[in-house]
Amino acid sequence: MKEGNEKIIDMYKQMFLLRNYEDKIYFLFLEGVMPGTIHQSQGQEASAVGMLYDLRKEDYLTSTHRPAGHCLAKGVSLESMMAEMFAKSTGCCKGKGGAMHTGDITVGALPAIAITAGGMPVAVGVGLSCKMRKTDNVVVCFFGDGASNEGAFHEAMNAAAIWSLPVIFACENNLYGASTHINRVVKINDLAERGSAYGIPAEVVDGNDVLKVNEAATRAIDRARKGLGPTFLELKTYRRCGHSRNDACGYRDKAEEKEWFDKDPLTRLKKHMLDHNIITQEKIEAIEQEVMARIESAVDYAKASPDVKPEDALTNVY
Amino acid sequence: MKEGNEKIIDMYKQMFLLRNYEDKIYFLFLEGVMPGTIHQSQGQEASAVGMLYDLRKEDYLTSTHRPAGHCLAKGVSLESMMAEMFAKSTGCCKGKGGAMHTGDITVGALPAIAITAGGMPVAVGVGLSCKMRKTDNVVVCFFGDGASNEGAFHEAMNAAAIWSLPVIFACENNLYGASTHINRVVKINDLAERGSAYGIPAEVVDGNDVLKVNEAATRAIDRARKGLGPTFLELKTYRRCGHSRNDACGYRDKAEEKEWFDKDPLTRLKKHMLDHNIITQEKIEAIEQEVMARIESAVDYAKASPDVKPEDALTNVY
Amino acid sequence: MAKMSIAEALREAIREEMRRDERVFCLGEDIDVEGGFGGAFTVTLGLSKEFGHERILDTPISEIMIAGAAVGAAMTGMIPIADVQYGDFLFCMMDQLANNAAKMTYMSGGTVKVPMVMRAPVGATTRGAQHAQSLESFFTHIPGLKIICPSTAYDAKGLLKTAIRDENPVVVFEHKLLYGSKGTRAEKSALSPVGEVPEEEYLIPFGVGAIRRAGTDITIVATLLMVYKALEAAAVLEEEGISVEVIDPRTLVPFDYEMVIESIKKTSRLIIVEEDTKRNGWGAEVAATIAEEALYYLDAPIKRVATYDVPIPFAPIMENFVIPSPARIADAARDLMKY
Amino acid sequence: MAKMSIAEALREAIREEMRRDERVFCLGEDIDVEGGFGGAFTVTLGLSKEFGHERILDTPISEIMIAGAAVGAAMTGMIPIADVQYGDFLFCMMDQLANNAAKMTYMSGGTVKVPMVMRAPVGATTRGAQHAQSLESFFTHIPGLKIICPSTAYDAKGLLKTAIRDENPVVVFEHKLLYGSKGTRAEKSALSPVGEVPEEEYLIPFGVGAIRRAGTDITIVATLLMVYKALEAAAVLEEEGISVEVIDPRTLVPFDYEMVIESIKKTSRLIIVEEDTKRNGWGAEVAATIAEEALYYLDAPIKRVATYDVPIPFAPIMENFVIPSPARIADAARDLMKY
Ligand SMILES: Cc1ncc(C[n+]2csc(CCOP(=O)(O)OP(=O)(O)O)c2C)c(N)n1
Ligand SMILES: Cc1ncc(C[n+]2csc(CCOP(=O)(O)OP(=O)(O)O)c2C)c(N)n1
Ligand SMILES: [Mg+2]
Ligand SMILES: [Mg+2]
């Protein structure tokens, strides 16, 4: 784990990977070479990288139907992620999980859960496990604005609070649950206001500023490691992509889109780095080329990987 | 519906009925003449009567596994309640529902729902119906402190808020969910604090003072009738009885019990009435005798009622 | 006669019933967003233009509330049509459906009615185990619910209208690959049958099956997508001189046993095909009932061709393997012909 | 040999496994309150004296969380034993059990394990429709779950220990009238069998049934309380010269078909008795499987004696009528003897 400027540069590198991984997937999906559907995370790179950058391998992640960014930032291998999208036997779920269930327990990334808020009670159990096994490990639990209206959210938040579990509730508020704007389904201004219903400290964070996200994450992780209990972070962000495959976002206001696209997390971080002479334009380009090459080779790896066998469908279940 | 002192006297009469109905049931249950189990409401009469006294017949009630007081206060007939306890065909549920499901839709009392918090989403639907049918009717939704940790509570509160439904959420906080003290399962001081998570105005109310409860209820009902939306009232109260059949409450602190028994809602109201010369001791006794007589005749009615027939079990279901 | 897809037929059924009875309304997630999809499979698309946003009600992502609110509204004078985006999410509202919707009328001694409709899309579409299940059999096991599964546009409209007018809760299972959803909601490898639907109003009674193809050697009972797979198999078998009768019960509760028994009197062989996993699927109930009441018409064991007892895998290669295919159905038929 | 009730046997199983493996812990509502009940049926009573309050964990009334937390803890190195106070409440946590617990191992390509146990009391005890259901069949239909139903103290201890050591999620159905819960938690009309339980440790493998009574004319398959009702019926039938074999499969998933088939080879008659409602109950799966794989050993239709397809009524007169009684079982047997 890097420090100072090196860390900032490394976070940029990760964010650039997330963005271009998703863009590549989108392209491949349109080509028709990938089955199923996709829920992408372009625009939400700062929350994934900022929240997870300082975690240890032994710490845990629970994710959602939109897991790619979270998984890559937690350390799931790019190749195994890509191979899973191609439904190959080398996929992180052996082709059995698919886009909505990626993960790799060996790096602490639980298989993503696609039931809205369904991962939140699971995160409580992970927190309980970290505590009962007397570790100081923590779990970062991602969910969306829409998920905050599920009963599972309520039961999970309350339990984590009363048992002061090392769970960091990271709510990526991208303003929409599928096509429904958050203002149509809650009557409060900030979802962070819900923390007080459980006695959980909560913060509203600029989810498109990776440095701000990372600061908040560091505080929350520190609290959790010390056994002081959960924190609720509301990360305000925005999808640059559709909710799922071919969604033109006809339900979004164009002015709103422009406002948020102007706050793009990568553009902002890049500007910050250049303004503060943290890195040169040349170095950035070198990093970007390196990342793009990694993505291409991951695609080659996935394509070259063996297909699953039909009978494999009958294994891994009692 | 009565006003002023007459109303106060009438509320006392109702509370006395609730208390003695439950005591009678308890006695009969111990005698072994009643099947199943009982969840009684001695000590919580002020919340039931105070909340429901000003409702119209067209207004609605949703209740819980502890429904007797609510049902009687909403106007379900004493005879049909008693007959249901005896599992008779004249019971308010024809002997099919039992102690945990009493109700009578003709007086707006929906069949009680015994799944903790299970009635709350149902109350949302009732409120929706009142609104969509363009009535100014309201629904009072009772639930307990323990129920406030169920996912159903969360989803119901949020929906009622965003649609400004005429739902009054009446939380009877009797400090225990079965044998578990509320302080062991929530980290906040007052459950009323949860209102703000939904943008619902909330109040803490002395649930053992029927006049205070009734004032709060009047405000909430008025808001609801005007289309201003739901209110969350936390009624602090206490069970004088066990959670269910033969429960000696070994989990309760004796000092706590004493403190609360001294705040008995009936004793307090009686004292208030005498102190303010609202009624004479003689008149009170006359009322009490009248009520006791009604209860006895209800028991006779129930005992004399015909048993259900085995084959009746096959009706009322598709 | 108009030609329409199942999604369109369902939409027309809702439209007609909402016009007829102002108590009818829809609630669900993303069913009425401007510029949205009209529900996950376009069924409610555009309906609010005619009926307004209150009667085509967008909800928060709160399945417990959606089902519970439907129950409460139904008990107090409304007729809600609720939906989930994927059938798999019915598990989130199972308590409200099983403990309340199905039991309220009974527990109240018949004094309350619960005239609600719950719509749920089922079927595997290469999205993985949490977006692929067919949940029919969980619900056929709940007394108090009626269960319907329309496989054609004609049935979709006629059965849904009957469901809306039923005073009991009805769960409608619709198949993702049969909707014929258009535009951005179109499904790869969808079958999307387009069917003739009369202009004039009609209702289809529950408990009356439909013979999709007449035959004399083997009776195949199937619903939803499996009706089409069974017909494919029947076509292949015909060339081999095996004559297959394909029965679509159309509703699982009530179930048209009469039609099945009449058929096996003729064929003396029975195959049940279901997309649901085999163990304790609805096919088990059909087989058990026939084994209890009509065993002596049979000359061969009762075969069930169902999805293997595993969660639905993501990889199409595996998904296609676990879901019944025309080939697997045909093999089962050939086996039975040995008797 | 010690004599103990099923509640005591379950408690001993938990105690031994918690001593053996510190990853094992219990969570549930009211399971560990001072002066409380030790769960709705006393199974966990007193355990915290030895293991502390963290390993016998009282929870809020939050079923979704209880099940979800069990899944999360199980995936990350713990072995949770969760419980619900009444089986009926499993519907509240159905999503976590069906979509997560049962599927995680599979969806992850076998890279995670979910070694959790979910305990649920079932059976009708005159408390009305929401506290009376037998939910076994909802869960036998979910691939990825193992389902056990101990009907004796010996089985309760041996099967629960096996369940705790299984790396898959196991759902344990326990019968309220068989626990033998004492004191204030005692149940009217309870059977409360007390059984011999060896001092030394033992495990009972899943998928191995037990012949509760040997016979030659009719095979009766039953679980939990129905085992005892079947034995009552068998005693009556014996006087009439009808010899009944009573098989208790003990686990529903996996299921000991071998034992059942061996038995019907001898008896050629099969009755399945279940307390669950009939339509799509687990008995349907047993009947369908036998009809598919062992039809030719039978000389008579396969009978199912089950609870009628209605919610469970409150009035004891009605409850006794809908639940299978020894008399109804005996009648079914007499019918079959006509073949
Ligand atoms: C229980 C459940 N209900 C509905 C869905 C369908 N669905 C998938 S994603 C989604 C929107 C979730 O919104 P949010 O929580 O804000 O996450 P986001 O998609 O914005 O990342 C919905 C409704 C689901 N997967 N699970
Ligand atoms: C979903 C569900 N979980 C558990 C129970 C068992 N149970 C019945 S009453 C009760 C306590 C409820 O506490 P509270 O909401 O405070 O109501 P009170 O009993 O105090 O009136 C519990 C846990 C239930 N009926 N439903
Ligand atoms: Mg969102
Ligand atoms: Mg309480």
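Below, chain A is the first sequence line, B the second, and so on; all start at residue 1. The basis for the numbers below is simple: all heavy atoms, side chains too, and nothing from hydrogens, waters or symmetry mates. Given the structure is predicted, the values throughout are model-derived calculations rather than measurements.
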Considering only heavy atoms, which portion of A:K94 lies under 4.5 Å from any heavy atom of chain C: side chain, backbone, both, or neither?
backbone
Ring pair (Phe, Tyr, Trp, His ring centres under 6.0 Å) test vs A:H39 passes for just one of A:H101, A:H243, A:H70, namely A:H243
What residue, out of A:V186, A:V308, A:I113, has the most heavy-atom pairs lying under 4.5 Å from chain C?
A:V308
Ranking A:C249, A:S179, A:G177 by heavy-atom pairs under 4.5 Å to chain C gives rank one to A:S179
Give a yes or no on whether C:K49 atom NZ has more than 12 heavy-atom contacts from other residues, nucleotides or ligands under 6.0 Å away.
no
Using distance alone, with no hydrogens and no angle criterion, decide if A:T64 and A:R66 have a side-chain donor and acceptor under 3.5 Å apart.
no
Option that, when pairs with chain A are counted at under 4.5 Å, heavy atom only, ranks first among C:I61, C:D32, C:T59:
C:I61
Any heavy-atom pair between the side chains of C:M118 and C:V84 that's under 4.5 Å?
yes
Between chain A and each of C:Q85, C:E34, C:M65, C:E29, count heavy-atom pairs under 4.5 Å; write down the option with the most.
C:E34
With a 4.5 angstrom heavy-atom cut-off, which part of A:S244 approaches chain C: side chain, backbone, both or neither?
side chain
Among side-chain atoms of A:E172 and A:T237, is any donor-acceptor pair under 3.5 angstrom?
no
Highest number of heavy-atom pairs under 4.5 Å with chain C among A:G36, A:P310, A:G32 belongs to A:P310
Identify which part of A:T116 has an atom lying under 4.5 Å from any heavy atom of chain C, answering side chain, backbone, both or neither.
side chain
Region of A:R184 in contact with chain C, defined by heavy-atom distances below 4.5 Å:
side chain
For A:V185, is it the side chain, the backbone, both, or neither that has a heavy atom closer than 4.5 Å to a heavy atom of chain C?
both
Point-to-point distance, once rounded to the nearest 0.5 Å, from CG of C:N320 to OG of C:S325
8.5 Å
Cation-pi check, A:R245 onto A:F29 ring (under 6.0 Å, within 45° of axis):
no
With a 4.5 angstrom heavy-atom cut-off, could you sort out which part of C:F314 is near chain A: side chain, backbone, both or neither?
both
Selection from C:A315, C:P313, C:G36 maximising heavy-atom pairs under 4.5 Å formed with chain A
C:A315
So, A:Q42 versus A:E22: side-chain donor-acceptor pair below 3.5 Å or not?
no
Which bit of A:I182 comes within less than 4.5 Å of chain C, counting heavy atoms only: side chain, backbone, both or neither?
neither
Distance-only side-chain donor-acceptor flag, C:E174 / C:Y179, under 3.5 Å
yes
